[in-house]
Chemist: 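Okay, here's the structure, questions in a sec.
Scope of the values below: all heavy atoms of this structure, side chains included, with no hydrogens, waters or symmetry mates. Owing to the predicted nature of the structure, the values given are computational and were not obtained by experimental measurement. So you know, we letter chains A, B, ... as the sequences are listed, proteins then strands, and number each from 1.
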Amino acid sequence: MNLVTNNKWIGQRTIRPDGMDKVTGRAQFAADTTMPGMIWGKVLRSPHPHARIRGIDTSKAEKLAGVKAVVTSRDIVDFTIEKGAVMLGIQDMRWMCRNVMARDKALFPGHPVAAVAATTEAIAAEACKLIEVDYEVLPWSIEIEDAILPDAPILHEFNRWEGKPSNIMSRIEHKKGDLTEGFASADIVIERTFTTRPVHQGYIEPHACLISVAPDGKTTIWSSSQGQFMVRAMTSMLTGIPQSDIRAIPAEIGGGFGGKTIVYLEPLATMLAKKSGRPVKMVMTREEVMRATGPTSGSRSTVKIGVKKDGTITAAHGTFYLQAGAFPGSPIRGAAGCSFTPYDIPNLLSEGFDVCSNRSKVAAYRAPGAPIGAYAVECVMDEVAGALKMDPLDFRLKNAAKQGTKAAHGPTFPRIGYIETVEAAKSSPHYAAPLGEADKTSGKVRGRGVASGFWFNAGGESSAQVNITEDGNVVVTTGHPDIGGSRAGIANICAELLGIDYRRVSVIIGDTQTIGFSNLTGGSRVLFASSMVVTQSAEKVIQTLRERAAKIWNIDPEAVKWEQGAAHPVSPNAGQFEPLTLKELAEKAPAMGGPIGAGVQLNTQGADGGFGTHICDVEIDTELGIARVIRYTAVQDVGRAIHPGYVEGQLQGGVAQGIGWALNEEYIYTREGKVDNPGFLDYRMPVCSDLPMLDCIMVEVPNPKHPQGVKGVGEVPLVPVMAAVANAIHNALGLRFYSLPMSPPKVSAALDAGVRQAAE
Amino acid sequence: MADIRYLAPRTLDEAIGAFAAAGSAARILAGGTDLLVQVRSGIVKPGVIVDIKKISEMTEIAETADGGFRIGAAASGMALAEHPRFGKVWPGVLEAVNLIGSKQVQGRASAGGNLCNGSPAGDSVPAMIAAGAIVTVQGPDGRREMKVEEVPAGPGRTNLKPGEILVSFVLPPRAPGSGDAYLRMIPRTEMDIAVVGLGVSLTLENGVCTAARVGLGAVAPTALLVEAAGAALIGSKLDDAALEKAAEACRSACRPIDDKRGTIAYRVKTAGVLLKRTAAIAAQRATGK
């Protein structure tokens with residue numbers, strides 16, 4: 001590792017390259033793009049939670065003046081169930097093809113059944129109403145407990161579980177030691193069951209795209225996603241157009257949080273454009289986003305933990321049932337794999353069950369599955385610490401995973417920073433501060449809770465190109481949509497390596513035909529992976545610069561060093577030459593060997609997992625049941641904060657989402673099985689005034705396998721939050737809530753029940 | 001897909017003529033913060049939109065000769081907030097009007113629109129009811145006055161006759177020692193819709209309540225005047241027993257539903273809590289403390 005501590009740009013809060021455009025409204029999001037001759041696409045969606053599609057008659061819609069094309073599942077490539085899985089990343093194209101357009105069955109209200117392109121949005125919407133769909137309405141289930149009943153309506157008839165048709169699609173387990181023996185040796189065993197509701201990623205920008213298909217089949221896609229290469233590959237597979245003919249151009253993204261790692265509109269707009277010969281634009285409404293794009297799973301988890309009187313955990317068992325929605329693929333890996341990982345537990349069984357039901361297919365949401373599992377585990381951890389009369393942070397320290405601990409999901413940990421996060425939490429000003437007096441006249445009480453969390457973090461494929469411009473500045477191109485400030489981080493690193501002002505480095509995101517393959521923005525992988533390829537590219541550029549200077553000075557390249565943006569002789573012995581700056585070498589480039597630039601493509605390895613420990617103070621209005629977070633500190637091992645401002649931004653963003661998940665956010669369904677709150681008025685994400693300043697403590701335990709020590713930071717901060725809030729509420733009220741959200745009616749009812757019980 | 005005709009008359013007579021002529025296809029546009037949302041989401045498809053903001057009487061805020069206020073139905077929340085005197089006399093009404101939507105929405109949204117939208121949860125309505133506001137409406141048959149609580153007829157409906165337009169609110173002059181307040185319960189801290197909203201206006205003389213009105217929102221098909229709650233406060237020194245009696249009156253007045261915004265039990269309980277809290281603020285304002 002080549003960790004320079006004395007950095008000029010790494011660790012600085014520089015101005016982000018995309019900042020000016022965003023605050024002045026110039027940034028181009030997907031819905032901002034237009035083309036001459038453009039027409040509008042709209043989707044007809046199933047009104048039913050579960051229905052067999054006996055037939056679709058589009059003839060009336062096709063005859064409506066202004067309608068240019070209609071598509072149904074006949075226009076989308078079918079990946080048949082029988083032929084087996086066709087995987088693209090973690091997505092099985094058998095489910096993707098059915099999710100973008102229902103084939104034999106509609107599986108949730110909002111499931112696309114047809115799409116229309118017309119000269120105006122209004123005509124397209126009118127045409128959708130003229131499409132006649134012959135539905136055979138079927139019984140349905142949404143909640144896990146209903147979907148796993150023996151007589152539950154079956155979504156996928158081919159599926160068998162224990163020999164019978166079932167909505168349980170798969171199971172995963174992580175195992176270590178002997179559970180029976182472990183619990184037998186425990187002095188205290190606590191087992192609890194928890195439920196969480198589906199929650200949406202809540203990105204502000206709805207899905208949108210504009211797609212043009214030229215007569216020769218050359219296709220251009222402008223869309224907002226977490227991966228232009230994912231858009232290209234999925235669109236190619238679902239339309240049959242070769243990838244080499246599809247140019248996917250990434251728009252600026254107005255939030256994704258995992259929800260934009262799959263496609264919804266692009267294959268439909270491509271086929272509409274191909275059929276009509278016109279560029280087709282599609283923009284979802286918020287209601288469509290809420291009804292038909294992935295929230296994350298609702299869940300039902302049971303967690304059992306056994307400890308000795310001295311606080312040593314002897315065994316733990318977790319069972320996590322997650323709603324997948326209409327198609328298999330809930331994040332059971334995150335729930336089962338991450339939840340116990342902060343602890344060194346000798347006997348452990350962690351199981352995940354993937355359950356289909358009649359609601360929209362889940363999509364990734366920030367550390368998919370991990371917050372759901374951590375909520376259950378960290379609440380039981382708190383209860384166990386209470387039973388032991390131990391400080392909850394001391395209890396965690398006693399059982400903390402460290403270098404050499406074998407995690408149940410596989411790895412034996414290298415140097416990790418979990419203990420450091422707990423110690424930093426313990427010694428934080430927040431943990432030392434008293435809770436402060438609440439206004440008792442209005443029945444307010446306060447409490448404090450803590451919780452920890454882990455997320456895997458990912459590496460994977462990335463490509464970069466670093467070019468020196470003729471005037472001696474730098475253009476860096478990478479292949480990842482920037483959803484968290486990654487361009488700012490890359491500018492800092494590149495400026496550091498080249499020894500120049502960061503403002504001389506322009507960082508852009510290439511489209512699929514101008515930069516090499518780069519995997520999704522997801523798994524907290526982008527800065528980790530892209531800074532690896534950028535570093536190697538910059539090192540190649542520096543090598544070229546040294547060779548050019550050596551040639552000019554007529555000395556050996558090994559006798560030239562690169563410092564502070566210029567080539568210097570390594571020592572006076574090498575020769576007495578004035579330094580040659582980047583600008584001077586760029587000017588001389590045409591005569592000295594041509595353009596200067598380098599690109600590197602890698603499948604990056606060595607991503608280390610991330611740990612966080614959070615402290616939450618709440619104040620509860622006991623008359624109205626309203627819980628408010630009044631102080632919050634997120635401690636996280638961030639590896640190396642390349643741009644501390646955006647690392648803090650990630651921590652604060654994750655915490656804000658977790659507070660919403662804990663207190664108010666939930667999908668509410670009508671008796672007819674439709675989402676009853678498909679908008680931000682009644683789907684209550686927190687607003688700024690709901691939150692205190694969210695404090696961050698960045699612990700830096702550098703990743704030894706990364707040139708700058710980077711670890712992913714974007715997902716960990718959501719993992720501990722719901723448990724931290726729940727534990728704080730318990731501390732305030734002496735009541736434990738085993739289901740989310742802890743909304744005012746629920747808290748109020750629990751308090752009333754408590755009062756009644758005391759009176760009886 | 002039919003086009004929408006947009007009219008922006010300069011006089012009330014023109015507006016009423018156009019509105020009445022268009023019949024049920026017409027909608028009045030004040031701030032538009034409800035109407036445009038409803039049009040965009042396809043809930044309403046008006047053939048004619050009559051914008052009343054160009055009519056001066058509709059946006060005027062004036063003190064009446066007797067010390068009351070006349071507020072044009074289309075006066076925006078922000079205009080009301082910027083009025084030098086209104087918020088000093090009717091702080092509760094102002095805080096209720098200013099709770100509608102966000103800062104940006106406040107630049108357009110009006111108390112008149114909030115009332116005519118007919119939502120049981122409109123924030124300004126319980127405060128206006130507590131204030132004893134009288135509204136002037138005008139239609140093809142001329143002008144008439146109504147008590148503000150008589151305007152809502154049910155969710156999304158009013159008792160205005162076909163062709164009638166809400167023109168203004170009149171708030172009565174204030175006796176010395178008067179104060180008003182409005183509180184709502186929302187799960188968030190802003191940008192939300194009332195689960196329960198409650199307005200209190202009262203007058204204190206030597207510590208004794210001599211007049212009190214209570215308006216209650218979001219717990220029945222329309223916002224309600226809770227006369228029994230006002231009666232429970234009148235004659236008392238706002239002692240615990242009187243406040244509990246008024247709270248009980250509010251709880252009894254509730255005819256709520258279980259829905260995505262709250263349970264019946266929660267709404268009923270909250271109505272009582274808000275009565276006590278709102279009365280305390282109104283009393284504090286009445287005594288100038």
Chemist: Crowded around A/Met38 CE? As in, over 12 foreign heavy atoms under 6.0 Å?
Modeler: yes
Chemist: Side chain, backbone, both or neither: which part of B/Ile264 has an atom under 4.5 Å from a heavy atom of chain A?
Modeler: neither
Chemist: Taking side chain as everything from C-beta outward and backbone as N, CA, C, O, which of these in B/Arg277 sits under 4.5 Å from a heavy atom of chain A? Side chain, backbone, both or neither.
Modeler: side chain
Chemist: At a heavy-atom separation under 4.5 Å, does B/Lys260 approach chain A through its side chain, its backbone, both, or neither?
Modeler: both
Chemist: Name the member of A/Pro686, A/Pro744, A/Ala749, A/Cys688 that forms the most heavy-atom pairs with chain B at distances under 4.5 Å.
Modeler: A/Pro744
Chemist: Is chain B contacted by the side chain of A/Arg286, its backbone, both, or neither, given a heavy-atom distance below 4.5 Å?
Modeler: neither
Chemist: Of all of A/Asn664, A/Ile668, A/Leu624, A/Ile626, which one pairs up most often with chain B through heavy atoms under 4.5 Å apart?
Modeler: A/Leu624
Chemist: Who wins among B/Thr263, B/Leu274, B/Ile193, B/Thr270 for the most heavy-atom pairs under 4.5 Å with chain A?
Modeler: B/Ile193
Chemist: Okay, side chain of A/Asp617, backbone of A/Arg446: is any donor-acceptor separation there less than 3.5 Å?
Modeler: no
Chemist: For B/Ala79, does its backbone N or O pair with a side-chain atom of B/Ser76 as donor and acceptor, under 3.5 Å?
Modeler: yes
Chemist: Of the listed residues (B/Met185, B/Met191, B/Arg267), which shares the most heavy-atom pairs with chain A below a 4.5 Å separation?
Modeler: B/Met185
Chemist: Strictly distance-based, threshold 3.5 Å: is any side-chain N or O of A/Asn677 a donor or acceptor partner for the main-chain N or O of A/Glu666?
Modeler: yes
Chemist: Tell me if a side-chain donor or acceptor on B/Ser124 pairs with a main-chain N or O of B/Asn114 at a distance below 3.5 Å.
Modeler: no
Chemist: Between A/Tyr667 and chain B, with a heavy-atom cut-off of 4.5 Å, which part of the residue counts as in contact: side chain, backbone, both or neither?
Modeler: neither
Chemist: Is B/Arg108 atom CZ crowded by more than 12 heavy atoms from other residues, nucleotides or ligands, each under 6.0 Å away?
Modeler: no
Chemist: Quick one: what part of A/Leu681 sits under 4.5 Å from any heavy atom of chain B, side chain, backbone, both or neither?
Modeler: both
Chemist: Taking B/Val196, B/Asp259, B/Val195, B/Asp192 one by one, which has the highest count of heavy-atom pairs under 4.5 Å against chain A?
Modeler: B/Asp192
Chemist: Passes salt bridge (charged side-chain N to carboxylate O under 4.0 Å, His left out), B/Lys245 versus B/Glu248? Steps please.
Modeler: CA-CA 5 Å; B/Lys245 204 173 159 195; B/Glu248 180 51 36; over 6 Å; no
Chemist: Can you tell me if B/Asp240 has over 12 outside heavy atoms packed within less than 6.0 Å of its CG?
Modeler: no
Chemist: Go through the atoms of A/Ser743 and report whether side chain, backbone, both or neither lie under 4.5 Å from a heavy atom of chain B.
Modeler: neither
